[in-house]
Asks: 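Can you read through this structure? Questions will come right after.
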Amino acid sequence: MSGGTRQGCTGTGPGAITPDGCAVDLYSRLSVGDEPDIIAAALPPGAHILELGSGVGRVTHPLLDRGFTVTAVDESAEMLARVRGARTVRSSIEALDLGETFDAVVLASFLVHAGDIEVRRGLLASCRRHVADDGCVLIQREGENYHTGVPRERIDPGGYTVRIASAEPVGDGVNSVRAEYVFPDATWTQTFLARPLTNEAFEAAVAEAGLRIDRYLTADRTWARAVPRL
């Protein structure tokens, strides 16, 4: 929620900044990648999706265009104000309890790498709480070398630069990561805590939440499909 910040998270740049350091105006500008295609390919047509951490709807809107029904959850009112065509719920993911289940729950944006293990457990518990017994949870992970080869940058097709400026250890296997987004007319930064996870550690965390990995959706294993352990 917009009144405070999460531990280890800060952001700079024009406009409102969310508790985890995300800039609302920045996320309204970011290009849509292949996330909607990956999600759509893993689900039956018309599935009802619970999108956790939807932000401004960068992925929400393409999913709606593909015929899915989406409930978008975010803790930032400023983010949710820019979502169109979806039911919106303002809540932290960990505290969310809608009393209903969904065909699919989406946990994207590397949220599973939360530096605080209890936060990660809360995120995955919310996924399990809201997924139907015959449904699935789609989880986006960091790439294998996300915390190495830093600094690095890429030029997005949208004409801006995305830079991972640093990934500094802060103890207990957690890194403080600083990302920079440079546009011709504005620059934003975000600093956050992230815990690298091996495949084994990731799968163990998912299992602890009462889920199991059904399959990986991409060759680099950055997207996984989990199903309830019944």
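Treat the numbers as computed from the prediction; the structure is a model and nothing was measured.
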Asks: Donor-acceptor pair, distance only, cut-off 3.5 Å: does the side chain of D172 make one with the backbone of V174?
Replies: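 Side chain of D172 to backbone of V174: no pair is present.
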
Asks: Any non-hydrogen side-chain atom of W223 less than 4.5 Å from a side-chain atom of R141?
Replies: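 When only atoms from C-beta onward are counted, R141 and W223 do not touch, as no gap falls below 4.5 Å.
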
Asks: Please report the shortest heavy-atom distance between G33 and P36, naming the atom on each side.
Replies: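 Closest approach of G33 to P36, heavy atoms only: O-CD, 3.6 Å.
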
Asks: Are H61 and V70 close enough that some pair of their side-chain heavy atoms sits under 4.5 Å apart?
Replies: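 Counting from C-beta outward, H61 and V70 never come under 4.5 Å.
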
Asks: Check the hydrophobic clustering (I, L, V, M, F, W, Y; side-chain heavy atoms under 4.5 Å; chains of links allowed) and say if V227 and L217 are grouped together.
Replies: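 No, because V227 and L217 fall into different hydrophobic clusters, even though each may have its own neighbours under 4.5 Å.
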
Asks: Under 4.0 Å between a Lys/Arg side-chain N and an Asp/Glu carboxylate O for R6 and E75?
Replies: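 Salt bridge: yes.
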
Asks: Would you give the length of the straight line joining atom CZ of R229 to atom CG of D133, rounded to the nearest 0.5 angstrom?
Replies: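 Interatomic distance, R229 CZ to D133 CG, rounded to 0.5 Å: 14.0 Å.
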
Asks: Between R82 (side chain only) and S28 (backbone N and O only), is there a donor and an acceptor less than 3.5 Å apart?
Replies: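 Judged by distance alone, no pair lies under 3.5 Å.
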
Asks: If you group Ile, Leu, Val, Met, Phe, Trp and Tyr by side-chain heavy-atom gaps below 4.5 Å, do L64 and I49 land in one group?
Replies: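 Yes, same cluster.
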
Asks: When you measure from the side chain of R66 to the backbone of P62, do you find a donor-acceptor pair of N or O atoms at a distance under 3.5 Å?
Replies: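 At least one qualifying donor-acceptor pair exists.
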
Asks: With no hydrogens and no angle check, is any side-chain donor or acceptor of H48 less than 3.5 Å from a backbone partner on F68?
Replies: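 Between the backbone of F68 and the side chain of H48 there is no qualifying donor-acceptor contact (under 3.5 Å).
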
Asks: Return yes if some donor-acceptor pair links the side-chain N/O of E200 with the main-chain N/O of T198 below 3.5 Å, else return no.
Replies: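 Here the side-chain-to-backbone pair does not exist.
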
Asks: Working to the nearest 0.5 Å, report the span between CD of E180 and OG1 of T191.
Replies: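 OG1 of T191 is found 8.5 Å from CD of E180.
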
Asks: Are V24 and V162 connected in a single hydrophobic cluster, I mean Ile/Leu/Val/Met/Phe/Trp/Tyr linked by side-chain heavy atoms less than 4.5 Å apart?
Replies: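 In one cluster with V162: V24, yes.
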
Asks: Determine whether the side chains of S166 and E168 contain a donor N or O and an acceptor N or O closer than 3.5 Å.
Replies: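 S166 vs E168: no donor-acceptor pair found between side chains.
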
Asks: Does V170 reach the side chain of L193, with side-chain heavy atoms less than 4.5 Å apart?
Replies: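 V170 reaches L193 side chain to side chain.
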
Asks: Are side-chain N/O atoms of N175 and H147 paired as donor and acceptor at under 3.5 Å?
Replies: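 Note: N175 and H147 side chains meet the donor-acceptor criterion.
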
Asks: From R178 CZ over to Q190 CD, what is the distance, rounded to the nearest 0.5 angstrom?
Replies: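 With rounding to 0.5 Å, CZ (R178) is 11.0 Å from CD (Q190).
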
Asks: Can you tell if the side chain of C22 reaches within under 4.5 Å of the side chain of I17, non-hydrogen atoms only?
Replies: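 Of all side-chain heavy-atom pairs linking I17 with C22, none is under 4.5 Å.
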
Asks: Less than 4.5 Å apart, any side-chain heavy atom of L138 and any of Q140?
Replies: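 They are not in side-chain contact.
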
Asks: Quick one: do E51 and I39 satisfy side-chain contact (heavy atoms from CB on, under 4.5 Å)? Show the steps, please.
Replies: CA-CA 11 Å; E51 185 188 2; I39 294 168; over 6 Å; no

Asks: Could you pull out the closest heavy-atom pair between A42 and R215, with the gap in Å?
Replies: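 Looking at all heavy atoms of both residues, the shortest contact is CA-NH2, 4.2 Å.
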
Asks: Please confirm whether the backbone N or O of S31 pairs with a side-chain atom of Y160, one donor and one acceptor, at under 3.5 Å?
Replies: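 Checked: pair present.
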
Asks: Quick check for you: to the nearest 0.5 Å, what is the distance between L30 atom CG and R58 atom CZ?
Replies: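 One finds 6.0 Å between CG of L30 and CZ of R58.
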
Asks: Are R154 and D156 packed together at the side-chain level, in the sense that at least one heavy-atom pair is separated by less than 4.5 angstrom?
Replies: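 The answer is yes; the side chains approach within 4.5 Å.
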
Asks: Answer with yes or no whether the side chains of R152 and N145 bring together a donor and an acceptor at under 3.5 Å.
Replies: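 The answer is no; no qualifying pair exists.
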
Asks: Under 3.5 Å, is there a donor-acceptor pair linking the side chains of D20 and T18?
Replies: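 Per modelled atom types, D20 and T18 side chains form a pair under 3.5 Å.
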
Asks: Check the side chains of T161 and E153 for a donor-acceptor pair under 3.5 angstrom, ignoring hydrogens and angles.
Replies: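 There is no such pair between these side chains.
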
Asks: So that I can tick it off, tell me whether E94 and R121 are bridged by a salt bridge, with the cut-off set at under 4.0 angstrom between side-chain N and carboxylate O.
Replies: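 Answer for the salt bridge query: no.
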
Asks: How far does CZ of R212 sit from CG of L230, to the nearest 0.5 angstrom?
Replies: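 If I round to the nearest 0.5 Å, the distance is 8.5 Å.
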
Asks: Measure the spacing between CZ of F192 and SG of C9 and express it to the nearest 0.5 Å.
Replies: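 If I round to the nearest 0.5 Å, the distance is 8.5 Å.
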
Asks: Among Ile, Leu, Val, Met, Phe, Trp and Tyr joined by side-chain contacts under 4.5 Å, find the other residues sharing a cluster with I213 and list them by chain and number.
Replies: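 Reading the cluster by chain and number, I213 sits alongside L50, L52, V73, V89, I93, L96, L98, F102, V105, L107, L111, V112, V119, L123, L124, V131, V137, I139, L197, F202, V206, L211, Y216.
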
Asks: Can you name the closest pair of heavy atoms from A194 and E142 and give their distance?
Replies: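 What the structure gives for the nearest pair is CB-OE2, 3.5 Å.
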
Asks: Regarding S54 and T60, do their side chains bring together a donor and an acceptor under 3.5 Å, going by distance alone?
Replies: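 No donor-acceptor contact under 3.5 Å links the two side chains.
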
Asks: Is a side-chain N or O of R195 found less than 3.5 angstrom from the main chain of G115, in a donor-acceptor match?
Replies: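 Yes: the side chain of R195 pairs with the backbone of G115.
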
Asks: For atom CD of E144, decide whether the heavy atoms of other residues, nucleotides or ligands shown that lie under 6.0 angstrom number more than 12.
Replies: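 No.
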
Asks: For the pair D74 and S76, evaluate side-chain hydrogen bond (donor to acceptor under 3.5 Å, both in side chains) and give the outcome as yes or no after the intermediate values.
Replies: CA-CA 6 Å; D74 204 277; S76 166; 4.5 Å; no

Asks: Could you report the tightest heavy-atom contact between A77 and R90, atom names first, then the distance?
Replies: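 It is N-NE, 3.7 Å.
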
Asks: Name all residues meeting the side chain to side chain contact (heavy atoms under 4.5 Å, CB included) criterion together with A186; count only those two or more places apart in sequence or in a different chain, and write none if there are none.
Replies: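 P14, W188.
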
Asks: Quick one: are Y181 and T189 in side-chain contact, heavy atoms under 4.5 Å?
Replies: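 Contact flag for Y181/T189 side chains = no.
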
Asks: C136 and side-chain contact (heavy atoms from CB on, under 4.5 Å): which partner among D214, D103, L43?
Replies: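 For C136, the side-chain contact (heavy atoms from CB on, under 4.5 Å) check succeeds only for L43.
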
